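The structure displayed is predicted, hence computed values, not measured ones. So you know, we letter chains A, B, ... as the sequences are listed, proteins then strands, and number each from 1.
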Protein chains: 2
Amino acid sequence: MDETAPQKGTVTQRAIERIKAMIGEGRLEPGQRLPTERDLAAQIGISRSSMREAIRALTVMGVLEARHGSGIYVTQLEAGDLLETFGVVADLSRGPRLVELLEVRRILESTATGLAAARITADQLAEVEKHLTAMNATEDPEEILAHDIAFHREIVSAAGNETMAAILDGLSSRTFRARVWRGYQEEGAFARTRREHAAIHRALVARDPDTARAAAAAHVGEVEHWLRAQLGG
Amino acid sequence: MDETAPQKGTVTQRAIERIKAMIGEGRLEPGQRLPTERDLAAQIGISRSSMREAIRALTVMGVLEARHGSGIYVTQLEAGDLLETFGVVADLSRGPRLVELLEVRRILESTATGLAAARITADQLAEVEKHLTAMNATEDPEEILAHDIAFHREIVSAAGNETMAAILDGLSSRTFRARVWRGYQEEGAFARTRREHAAIHRALVARDPDTARAAAAAHVGEVEHWLRAQLGG
DNA sequence: CACCATCATGTGGTCGGACCACCACGGGTC
DNA sequence: GACCCGTGGTGGTCCGACCACATGATGGTG
C-alpha cells in the first residue's frame, strides 16, 4: 500500500472528482484561471490526455470553460452555464418523453408567468410587447419562432428565478420547439396561439397572477394535448 | 473548396454533433453498439484522442455508455440517463441559487405529490409507509436522510412522470440535501419534519390531491424559508 | 456428450511526446 | 502616445505504443 490515494475507478474519473472537490471546497473561485493542462496532469499524476478528458467532461457540465491560447477558467457557476446540457435532453427525447417534458414546462412556466404578473417592470413589459407585435407582424415561421421564444423568455426572466429560467430555456430549445411545433402550427394553430399570447399579455398588464398562470398553463397545455393525441393515434 | 464538410469549430465538436445527429436521425438506436473508437475516428477523419474526447462528452451527457473491454453503447435515452448531471448543478450551487433550486423543487414536488394522491397504488403506498415508519424509528442522521429521500422519491414516481422524477432526483441529491439540511435539522426541526411527512402521508391515504399538494409545498417551503433567512442574516 | 478452466483476441483506458493554432503580452517603430 | 509585430505560452490535434478488462473460442476433464 502506498501513501497516494488508492485508485477508485478510472484515473480520469479521479481527476474529475478532484477538480469538482476543489471548486466545492472553495479553493477554486468562479472566474479563476486554472493551472495549465500539463501542470494539472503532473500535479495529480496522470497523463495530459486523461486530464484533457476530465477537463472536457467538466466543460460539458458547464463547470469549466477552455479558451484556446489563453487557459482554462472556472465558469461563474450560474444556472445558465450549468444547465446548458438540458437542451440536449429535449433534443434527443422522443415519444412519450416529449409529453413529459411539456408537462414539466407547463408546470414551471405557468408558475413563472404567474410570478411575473406580480413582479414585471414597465421596461420588461415593453420588451414583451415588442416581441408580441413582431410575432404578429410576420408570416415567416423562423421569425415567428424566434419572437415566440423571446416572448416567453422575457416573461419567465421577469419572475426573478434565474435557475427556473435556465431550465425553461433548455425545455424551449430552438430545435425542440421547431420539432414539436412544426406539425402543431401546420394545423392552423396560428390564430389560437395569437389569442393565447394575447391573453397572457393582458393578464400581465392587469397584474393578475392567477389569470396569468392559468393562461400560460392553457397555452402550453394545448400543445401538450395535441402532442398526446398525435402519439395516441 | 473540398468535398469534405468545412471545419466548424473544433474537430471534437464536429464529432459530437455528428454522433448526436446519428442518434437524432434514428440511425443509432438506444442500446445499440457503436463502432470501435478507432473505427469511428477513422470514419470521421480525426484522431482517436479527439474522438475519445467526443465520446467522453456524450458519456457525461448520458447519451453514450462506454464499457471497458466491450464497446460503446447508446443508452436507453431515459430521463434518468440524460438528467444525471442535474445533481452536479445542485452540488456546486451556493448562496441565492440554493434558494432558487429549492423553489423549483417546491413547485415540481408539490405538483407531483398532488398527482400522486390521485394515482398512487396500494403497493406504492405501502412502500411509502415503510420509509415513513423507518424514518421515525431511528436516530441515525444518515439513515433518516436515506429514508427521507426514498420517501419522497416513491411518492414522486407514483405521479407517473419519469422526467419530472429524474429532475427531482437531481434536485434532492444526497450531498445537496446533506449540505442544506444539516443546519436545518440541527435546529430541532426533526419534530416538524415528522409532522409534515405525516400530513403528506395522510393526504395520500385520503386520495386528496389538493391537500397533498399543499402539504408538500409547505414541507419544502419550510426549508426554503429557513435557508432564505440564513442567507439574509 | 456436458461442463468448466484457460487462453487468444479485441475493446476501451492510459500514457508520452510531438506539432499546430491561437492568444496575450511586450518591445519596437512611427 | 498609438500602433504593429514578434515571441512565448496555452489549449487543440495527432500519433503510436502499451495496459486492463470482457468476451468468446479452445481444449481438457468428468
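Contact annotation: side chain of A:His68 to base of C:dA21, donor-acceptor pair present below 3.5 Å. In terms of polar N and O atoms assigned as donor or acceptor, the side chain of B:Arg38 comes within less than 3.5 Å of the base of C:dG12 in a complementary pairing. The base of D:dG12 has none of its N or O atoms less than 3.5 Å from a complementary donor or acceptor on the side chain of A:Arg56.
Rounded to a whole Å, the CZ atom of A:Arg14 is 15 Å from the P atom of C:dG13. The interatomic distance linking A:Arg52 (CZ) with D:dC14 (C1') rounds to 11 Å, in whole Å. The distance between atom CZ of A:Arg33 and atom P of D:dG9, rounded to the nearest whole Å, is 12 Å. A straight line from CD of B:Glu65 to P of C:dG13 spans 11 Å, rounded to a whole angstrom. In this structure, B:Leu40 atom CG and C:dT11 atom P are separated by 11 Å, rounded to whole Å. In this structure, B:Glu53 atom CD and C:dG12 atom P are separated by 16 Å, rounded to whole Å. Distance A:Met51 CE to C:dG16 P: 13 Å, rounded to the nearest Å. Straight-line distance from the CD1 atom of B:Ile72 to the P atom of D:dC21: 18 Å, rounded to whole Å.
Taking 4.0 Å as the cut-off between side-chain N and carboxylate O, B:Glu127 and B:Arg153 do not count as a salt-bridged pair.
Note on B:Arg48: every side-chain N or O is 4.0 Å or more away from OP1 and OP2 of D:dC14. Contact check, A:Ser50 against C:dG13: no side-chain N or O comes under 4.0 Å of OP1 or OP2.
The side chain of A:Ala66 sits closest to D:dG12 out of D:dG12, C:dA24, C:dG12. Between C:dT14, C:dT11, C:dA24, one nucleotide has an atom nearer to the side chain of A:Ser70 than all others, and that is C:dA24. With distances taken from any side-chain atom of A:Thr36 to the nucleotides D:dG12, C:dC15, D:dT10, the minimum falls on D:dT10. Considering only side-chain atoms of A:Thr10, the nucleotide from D:dG11, C:dG13, C:dG12 that sits closest is C:dG13.
Heavy atoms of B:Arg67 sit under 4.0 angstrom from primed sugar atoms or phosphate atoms, though from no base atom. No contact: A:Ile55 has no heavy atom under 4.0 Å from any strand. Among the protein residues, A:Ser49 comes within range of the nucleic acid bases, having at least one heavy atom under 4.0 Å from a base atom.
Within the structure, side-chain hydrogen bond (donor to acceptor under 3.5 Å, both in side chains) pairs that include any residue of residues 50-63 of chain B comprise A:Arg52-B:Glu53, A:Glu53-B:Arg52, A:Glu53-B:Arg56, A:Arg56-B:Glu53, B:Glu37-B:Arg52, B:Ser47-B:Ser50 (at least two apart or interchain).
B:His152 and B:Glu109 share a donor-acceptor pair across their side chains, judged by distance under 3.5 Å alone.
You'll find the side chain of A:Ser173 reaches within 4.5 Å of the side chain of A:Asp91, heavy atoms only.
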Inset, instruction - Give the C-alpha distance, both sets of side-chain angles, the deciding distance and a yes or no for side chain to side chain contact (heavy atoms under 4.5 Å, CB included) between B:Ile16 and B:Thr12. - result: CA-CA 6 Å; B:Ile16 294 175; B:Thr12 302; 4.3 Å; yes

